[in-house]
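All values reported here derive from a predicted model rather than from experimental measurement. Every heavy atom of this structure was used, including side-chain atoms; hydrogens, water molecules and symmetry mates were not.
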Amino acid sequence: MSMAAVFGLFAALPAHANLALAQKNACMACHAVDKKLVGPAYQEIAKKYAGQADAPAKLADSIRKGGSGKWGPVPMPAQPALSEADAKTLAAWVLAGAK
């Protein structure tokens with residue numbers, strides 16, 4: 001599935017619903033839309049992954065499994081209780097610049 005198709009699937013969802021999902025899962029404790037906190041800004045993540053066809057899947061996987069070394073020394077904790085569907089929703093929202 002192309003990145004455009006993934007974005008199209010989630011374009012119908014209200015942005016505030018995705019923000020609420022990020023808040024519910026404590027993502028906003030470390031990330032902000034347009035500035036670095038503990039982790040990178042969502043807009044910076046979107047820029048880094050722009051044009052990569054596998055970005056939605058890679059980012060959703062990183063959200064669920066956590067990671068380290070991509071953005072500096074602070075590791076991102078895993079979110080294993082987050083459903084795959086919610087991880088994909090968050091990934092699409094982030095890749096769209098969290099708009």
Side-chain angles (χ1 to χ4, degrees):
M1 180 178 286
S2 74
M3 211 151 86
V6 171
F7 290 144
L9 289 174
F10 295 107
L13 296 174
H16 69 278
N18 298 324
L19 175 60
L21 184 60
Q23 291 169 330
K24 174 184 168 193
N25 289 286
C27 303
M28 304 304 287
C30 295
H31 298 279
V33 173
D34 59 355
K35 64 183 176 194
K36 178 179 176 17
L37 295 178
V38 175
Y42 291 136
Q43 291 175 349
E44 287 300 312
I45 296 169
K47 285 179 190 175
K48 180 175 183 169
Y49 287 96
Q52 297 181 31
D54 61 346
K58 284 171 62 174
L59 188 55
D61 191 54
S62 288
I63 292 168
R64 291 192 75 217
K65 293 180 180 176
S68 63
K70 294 177 191 170
W71 296 93
V74 179
M76 184 172 92
Q79 296 272 354
L82 186 68
S83 73
E84 189 172 330
D86 282 350
K88 288 179 180 179
T89 297
L90 286 170
W93 178 69
V94 169
L95 292 169
K99 296 178 184 175

Exercise. What distance do Gln43 atom CD and Asp34 atom CG have between them, rounded to the nearest 0.5 Å?
Worked result: 5.5 Å
Exercise. Rounded to the nearest 0.5 Å, what separation is found between the CE atom of Met76 and the OG atom of Ser68?
Worked result: 10.5 Å
Problem set entry | Interatomic distance, Trp93 atom CH2 to Leu59 atom CG [nearest 0.5 angstrom] | 11.5 Å
Seminar exercise, completed: In terms of heavy-atom contacts, Ala41 and Val33 come closest through CB-O, 3.6 Å
For this session: Identify the heavy atoms of Ala60 and Ala91 that sit nearest to each other, and give their distance.
Result: N-CB, 3.7 Å
Exercise. Between His31 (side chain) and Pro40 (backbone), is there a donor-acceptor pair under 3.5 Å?
Worked result: yes
Problem set entry | Sidechain N-carboxylate O distance under 4.0 Å for Lys48, Glu44 | no
Exercise. Can you name the residues that form a salt bridge (charged side-chain N to carboxylate O under 4.0 Å, His left out) with Lys35, not counting sequence neighbours?
Worked result: none
Exercise. Within the side chain of Arg64, is there an N or O that forms a donor-acceptor pair under 3.5 Å with the backbone of Ala78?
Worked result: no
For this session: Please report the shortest heavy-atom distance between Lys70 and Tyr49, naming the atom on each side.
Result: CD-OH, 4.1 Å
Exercise. Under 3.5 Å, is there a donor-acceptor pair between the side chain of Gln79 and the main chain of Gly66?
Worked result: no
Seminar exercise, completed: Between the CG atom in Leu21 and the OG atom in Ser83, the distance rounded to the nearest 0.5 Å is 8.0 Å
Problem set entry | Between CE on residue Met28 and CG on residue Leu19, distance to nearest 0.5 Å | 5.5 Å
Exercise. Of the non-hydrogen atoms in Leu90 and Cys27, which two are nearest, and what is the gap between them?
Worked result: CD1-SG, 4.2 Å
Exercise. What distance separates Thr89 OG1 from Glu84 CD, expressed to the nearest 0.5 Å?
Worked result: 10.5 Å
Exercise. Are any side-chain N or O atoms of Asp86 and backbone N or O atoms of Leu82, one a donor and one an acceptor, separated by less than 3.5 Å?
Worked result: no
